[in-house]
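Order of the sequence lines fixes the chain letters, A, B, ..., with proteins taken first and strands second; residue numbering starts at 1 for each chain.
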Amino acid sequence: MTQRKRTIFNNEDVFFSNVTGVAGAAGTITPSEVSQMHRVQSTSYDMSVNRQDIQEFGKLARLSSEIIEPPSVSFNMDYYLADGHNETGIGLNAATSNPPNAISGILANLPQAEKNIYVVTVSEGLDAHGVSPQLTANQFFSFGNCFLTSYSVSLAVGEIPTASTAWECSNFRIENGDTTGIVNPAIVTTGQGTPVSYTGLVTFPTPSTGTLSVAALRPGDITLDFGTTDLQVGGPVLPGTTSADTLTAMHVQSLDIEIPLSRTPQNRIGSAFPFSRELDVPITVTMNVSANLADIREGSLIDLICQAEETRDITVTLNDPCTSNTNMKFELKGAILESSSYSLAVGDNAKSVDLTFTAQLGGGNDQVRGLFITKT
Amino acid sequence: MRSIFYDDLRLFVEGEEVRGAQSVSVSTNSNIIPVSCMGAGFFGMEVGGAVESTLSVKQLMVTGQNYFPFSNITGYFSYNDDSQYSALQWSKSRLDSVSFSVSTNSVVEIDTSLTVYNTFSTGSIIPPAQEDIGTNQIARPAFIETNIPFEDTNAVQSITYTLNLNWKPTYFIGQSEPELELIFPINIDVEINTNISDYEFETFSEYCNITKQDLTFIFKTCDGDTIKTITAPDAMLVGITSNGGVGDKLSARLSYKSYVNYTGGLI
């Protein structure tokens, strides 16, 4: 076998699956139950172990260094947005119309909330696309019992719309490929005592570029709608508002949507690994907007203090290139303005304004508050 | 002359080294009384009673060793500074309490409190070479088996088991050390802190419905071998405190109490 000199991006593909397949307790997962991630731009992962030194009278050096807390495994992945395909694969809820709350499945602790992640590396010099993962020459880095801890979308002038995800996992396996598949990296978390792995094998579909409708989305095909009303405190004319019909709306340079889904590992006496990782609630979605200021609307800070809270529904639509066909849409409902800042310096091309909106995610059946994702 | 650190210290009880010792503290107090008499007034001070010391030991459970007996315990606390071996010895003590603490982020801890009679004597004792006990008997929280009824559906975060002994020391003229009589019943307190995932109503005992259960905690190795077993026989639930709040997990602290009139098979 040729010894590998290096691994570069074309040698790897990323797959996601639920922790167990339809086969259930054995942990067998078939290719139809594995979802390939498309347009992946970067992955990074690390593992750390906290130990407690055991020392005692009469001995200077430690007796041993015991692992008391479960190991910490983290996985990060960035990808270009397209069709909402990856969002479905990572466990978010997206629909072609009337989407539910994006994290309703995660909130309900459905099987989609907990994932296995697999990074397959094929032989040096080959594209991973088109190569069967079930080869002994392949390498696998697989992660079991993974929970999404952060999802963010970044849109900016001159950049391809990108999503970034962060995960916390319980187990991390490194192994060579096999014609029969690889061992399910997940741990059975319902038992107590010595950790037990699933015995089933995971087999993968042959990866490809997929059947997505676009290679990537473009910043010029993004439309923004901040609702019909102006900001209570005054400030920039927001795109989509009634004022924008007659005045010049701010020129958005970048927009980020961040969903923090931090989780607290649920440890218990008798279990070596967390038996679950529960969401820390409440969950507040943040939208940061940076724009060049154009026309303004009047307002006063006192108006914010003495008037009823004004929420707005903000819609970010990403269309297919040069068309008005919606490829993906993010709706942040029930958002309120948290902060605004202005700056201008000698030499600047334009006066800039930064706005931060926040909205709390409601329950799975809440249709008026939260983040909603429409896909192709 | 140099400072003495923990690797120079060793604790022996009934001839067996206390392994996993993390700290030992000794507190000695003497009751001094002034002596006065008619015609002379105050003329001196005398020791008014037996000298008692409190010896507290904190250790990690690193072996399945049998722990301290309950009474007439002897031992010594050895220390050396490379030039000589010294030791504080005692010849009679009683066990006042022993507490096992289990939490999700620490090796099992044991706190033991003894009352030592008479002053410590000093001497030169060369302790035996320290045995290699290996590392496979260290009690970790992941490998503890219990029969707590709600354990399977809730997340137990900590367990504290405390065994308390009451004694009646009787002094006789001509003896500097008392005779010890253990007063029954022995009191065992068990406190369990748990996060609640599945609320099951635990039954309090009522006048006509006494509910008891044997609580057993088995400390095991990764391979499933038993390191140690402690029990609270016929434990009764005597208290529940529940807490929940915005941003917090719903949790509860359950207190159990057990009374026994025997000493065997408890720890």
Side-chain angles (χ1 to χ4, degrees), chain A residues 48-72 108-109 145 170-171 187-197 260-284 360-363, chain B residues 5-11 17-24 57 59-60 62 77-80 102-108 127 129-130 132-136 138-146 148 151-152 154-159 192-195 197 217 220-224 246-247 249:
Chain A
S48 64
V49 177
N50 288 330
R51 296 175 178 269
Q52 177 181 351
D53 284 346
I54 306 298
Q55 293 181 286
E56 65 168 355
F57 281 3
K59 191 173 174 64
L60 182 62
R62 62 191 177 201
L63 200 62
S64 77
S65 191
E66 295 294 319
I67 300 174
I68 302 299
E69 296 176 358
S72 170
N109 267 326
N145 309 97
S170 289
N171 194 23
I187 300 167
V188 179
T189 56
T190 53
Q192 295 192 13
T194 304
V196 176
S197 299
L261 296 168
S262 65
R263 292 177 177 268
T264 300
Q266 302 292 298
N267 297 309
R268 64 180 175 185
I269 288 169
S271 293
F273 286 85
F275 63 94
S276 77
R277 294 178 186 268
E278 298 300 325
L279 279 170
D280 297 329
V281 291
I283 301 169
T284 301
Q360 281 203 347
L361 296 188
Chain B
F5 291 100
Y6 63 91
D7 59 311
D8 300 318
L9 306 174
R10 295 172 71 185
L11 177 66
E17 183 172 7
V18 176
R19 304 306 300 266
Q22 303 295 294
S23 68
V24 175
V57 180
Q59 60 187 129
L60 300 179
V62 298
F77 185 40
S78 142
Y79 54 96
N80 77 82
V102 184
S103 67
T104 56
N105 57 358
S106 174
V107 170
V108 176
Q130 191 171 58
D132 181 11
I133 58 173
T135 60
N136 62 345
I138 297 174
R140 293 183 285 172
F143 307 108
I144 295 172
E145 194 177 291
T146 79
I148 300 171
E151 181 191 26
D152 287 341
N154 293 280
V156 175
Q157 300 299 297
S158 70
I159 301 169
I192 299 171
N193 287 290
T194 180
N195 292 336
S197 301
F217 307 98
K220 293 191 169 186
T221 67
C222 198
D223 299 324
V246 173
K249 294 182 282 287

J.: Against chain A, work out which of B:Pro127, B:Ala21, B:Pro141, B:Ser106 has the most heavy-atom pairs shorter than 4.5 Å and name it.
T.: B:Ala21
J.: Can you tell me which portion of B:Ile159 sits under 4.5 Å from chain A's heavy atoms? Options are side chain, backbone, both or neither.
T.: both
J.: Which heavy atom of A:Phe57 sits nearest to which heavy atom of B:Ser23, and what is that distance?
T.: CZ-CA, 3.8 Å
J.: Name the member of B:Ile148, B:Val107, B:Leu11 that forms the most heavy-atom pairs with chain A at distances under 4.5 Å.
T.: B:Val107
J.: Please classify the contact between B:Phe77 and chain A as side chain, backbone, both or neither, with a heavy-atom cut-off of under 4.5 Å.
T.: side chain
J.: State, to 0.1 Å, how close B:Gln130 and A:Lys59 come at their nearest heavy-atom pair, and which atoms those are.
T.: OE1-CB, 3.7 Å
J.: If every non-hydrogen atom of A:Gln266 is compared with every non-hydrogen atom of B:Asn195, which pair is closest and at what distance?
T.: OE1-ND2, 4.0 Å
J.: Please report the closest heavy-atom contact between B:Thr104 and A:Ile269, naming both atoms and the distance.
T.: CG2-N, 3.9 Å
J.: Taking the side chain from A:Glu56 and the backbone from B:Gln22, do they hold a donor-acceptor pair closer than 3.5 Å?
T.: no
J.: Just by distance, do the side chain of A:Glu66 and the backbone of B:Arg140 share a donor-acceptor pair under 3.5 Å?
T.: no
J.: Enter the distance from A:Arg268:CZ to B:Ser158:OG here, rounded to the nearest 0.5 Å.
T.: 15.0 Å
J.: For B:Leu9, which atoms come within 4.5 Å of any heavy atom of chain A: side chain, backbone, both, or neither?
T.: both
J.: A:Asp280: what forms a side-chain hydrogen bond (donor to acceptor under 3.5 Å, both in side chains) with it, not counting sequence neighbours?
T.: A:Ser262, A:Thr264
J.: How close do B:Ala142 and A:Ala272 get, counting heavy atoms only, and between which atoms?
T.: CB-CA, 3.3 Å
J.: Is B:Ser78 in contact with chain A via its backbone, its side chain, both, or neither, using a 4.5 Å heavy-atom distance?
T.: neither
J.: Is it the backbone or the side chain of A:Gln55 that comes under 4.5 Å from a heavy atom of chain B, or both, or neither?
T.: both
J.: How close do B:Ile138 and A:Ser64 get, heavy atom to heavy atom, and via which atoms?
T.: CD1-OG, 3.2 Å
J.: Please determine, among B:Ile133, B:Val24, B:Asp132, the option with the most heavy-atom pairs under 4.5 Å with chain A.
T.: B:Val24
J.: Calculate, to the nearest 0.5 Å, the distance between atoms CD and CG belonging to A:Gln52 and B:Asn105 respectively.
T.: 8.0 Å
